[in-house]
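Each chain gets a letter, A, B and so on, in the order its sequence line appears, and its residues count up from 1.
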Amino acid sequence: MSTLAPLQDVDPFRWNNFRTQPFRSLGRVFVLFNRWVFGLFYLFASINKFRGGYLFTDKLKVTLEQRLPELDPGSFAVTFIEAFAVPFYVPISWLIAWGELAAGVGLLLGLCTRWAGAAALFFIVMFAIGGFYDASLIVLGAIALMFILTPSGRWMGLDRRLARRYPGNILFR
Amino acid sequence: MTAVTLSSPVHSVWSRLAAVLGLALLLVSTALRADERPLLSSPYGELCTTCEGFALCEPDAGAADVQAVLLHVQRLNFWQQIGTIWSWLRHLFAPVRPETRTVTLYHPGAEGGWQAVAEARAVLDMGSNRIEYPGAWIDRGDGAWHDDQDRRMGRCTAVNGRDLLAGSTSEKP
């Protein structure tokens with residue numbers, strides 16, 4: 001352990017920092033709590049996809065086709081679904097199921113956290129473009145953005161150890 | 001291996017026929033289950049937050065004093081859509097709660113078409129399988145339409161309300 005490079009820029013989250021830096025600690029708790037909730041959300045979402053047979057059935061295609069009549073025919077979402085999502089539903093199903101799993105595990109463990117946050121944000125944007133937009137996605141997108149902008153995996157998570165072992169590696173920043 | 005394959009019961013004519021029949025039965029039962037979806041709901045539960053639904057309630061033959069009603073369930077507003085994040089979190093730990101939505105009630109107009117007569121709050125409940133609005137409730141299973149004294153008035157079916165409202169005098173009461 002003594003060979004590991006020191007991490008001078010990010011100090012870990014500690015409960016006793018509340019005494020000296022209450023607002024900063026509160027902010028970190030807020031980010032970490034949301035990260036774990038998000039991680040659980042994506043983990044359960046991916047498990048549902050695997051259990052629901054997304055990888056080997058046309059479930060995504062059926063879901064999208066059921067959504068089409070509910071959308072404004074002139075909207076971009078309809079074009080997106082008809083021209084892109086339905087024709088390529090197989091690779092998209094795989095991308096969603098495995099991508100959600102990676103995002104969920106990453107956020108829960110604090111592993112490649114900023115990238116996991118980017119994946120989470122990517123899926124939110126795709127849901128919105130793909131005809132499932134509602135205002136809650138704005139809030140969820142903002143929360144996902146928090147995981148990209150803050151080094152929360154180095155406050156608490158595997159990124160802290162890995163960044164020490166592989167200093168400069170952008171996966172664990 | 002070949003001998004095993006050739007003698008396999010799956011390759012007999014009757015087995016193939018049984019497999020086809022079984023598949024047909026499965027498809028029919030799936031279609032029947034799809035039809036059993038509660039009135040004004042989506043495959044995933046309640047109507048999606050950005051979706052609106054219409055139910056046409058027509059009186060039974062003997063109910064001469066009852067007027068037909070077109071029920072227009074509105075989409076959730078911006079803040080209600082954001083509030084669904086909390087509802088989702090709550091659903092992880094507690095049963096699904098009824099959803100309240102704004103509805104517009106239409107009566108047949110004097111000159112044809114539909115006349116908006118009232119705007120009210122309706123409770124959409126998957127638990128009791130009811131849609132309740134002031135003065136009446138609908139059984140979401142069989143579409144039976146009751147007054148608030150539980151007397152049957154008629155039957156409601158999901159309709160494409162936009163088509164019915166085209167050419168009507170007003171959408172707002």
Side-chain angles (χ1 to χ4, degrees), chain A residues 30 33-45 47-49 51-54 57-78 81 100 104 108 120 123-124 127-146, chain B residues 23 26-27 29-55 72-94 96-97 99-102 124 158-166 171:
Chain A
F30 178 75
F33 175 76
N34 277 291
R35 202 186 82 194
W36 291 322
V37 171
F38 244 63
L40 277 177
F41 171 78
Y42 274 100
L43 186 66
F44 286 139
I47 289 170
N48 278 341
K49 304 271 184 322
R51 289 178 64 188
Y54 255 65
T57 67
D58 62 350
K59 202 161 185 175
L60 177 65
K61 183 169 170 261
V62 171
T63 303
L64 292 168
E65 285 174 343
Q66 282 176 343
R67 181 66 172 147
L68 277 174
E70 298 170 345
L71 298 170
D72 176 2
S75 65
F76 177 75
V78 169
I81 291 172
E100 285 184 344
L108 277 173
F123 286 121
I124 288 167
F127 293 145
I129 292 175
F132 292 89
Y133 167 79
D134 87 358
S136 64
L137 293 185
I138 298 172
V139 177
L140 296 176
I143 294 172
L145 196 61
M146 246 171 18
Chain B
L23 189 62
L26 187 69
L27 289 172
S29 67
T30 306
L32 286 175
R33 277 201 299 275
D35 286 340
E36 287 167 6
R37 191 197 301 167
L39 185 70
L40 301 183
S41 65
S42 78
Y44 317 102
E46 290 295 358
L47 278 177
C48 80
T49 56
T50 55
C51 297
E52 53 186 10
F54 293 87
H72 178 190
V73 179
Q74 311 276 356
R75 64 192 67 184
L76 295 180
N77 67 30
F78 182 85
W79 294 110
Q80 288 170 328
Q81 287 175 23
I82 287 177
T84 56
I85 298 173
W86 169 247
S87 303
W88 182 84
L89 287 173
R90 195 188 174 281
H91 293 172
L92 293 177
F93 308 101
V96 177
R97 274 169 56 170
E99 187 175 295
T100 304
R101 290 211 187 194
T102 302
L124 286 73
V159 291
N160 186 339
R162 285 277 160 224
D163 289 351
L164 287 175
L165 289 177
E171 287 196 20

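Side-chain atoms of B:L76 and B:R101, non-hydrogen and from C-beta on, do get closer than 4.5 Å to each other. Between B:F54 and B:D163 the shortest side-chain heavy-atom distance does not fall below 4.5 Å. Contact of the B:C48 side chain with the A:R67 side chain is registered, since non-hydrogen atoms from C-beta on lie closer than 4.5 Å.
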Please step through side chain to side chain contact (heavy atoms under 4.5 Å, CB included) for the pair B:C51 and B:E46, ending with a clear verdict. CA-CA 10 Å; B:C51 297; B:E46 290 295 358; over 6 Å; no
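Proximity to chain B at a heavy-atom threshold of 4.5 Å picks out A:I138, A:V139, A:L140 from residues 138-145 of chain A, in numerical order.
Taking CD1 from A:I124 and CZ from A:F132, the interatomic distance works out to 15.0 Å, rounded to the nearest 0.5 Å.
Of the atoms belonging to A:F41, heavy atoms from both backbone and side chain fall under 4.5 Å from chain B. Within the 4.5 angstrom heavy-atom criterion, no atom of B:W79 approaches chain A.
The local environment of CZ in A:F44 is sparse, with at most 12 non-hydrogen atoms from other residues, nucleotides or ligands closer than 6.0 Å. Around the CZ atom of B:R97, the shell of radius 6.0 Å holds no more than 12 heavy atoms that belong to other residues, nucleotides or ligands.
Counting heavy-atom pairs closer than 4.5 Å to chain B, the top-ranked of the candidates A:T63, A:L40, A:V37 is A:T63.
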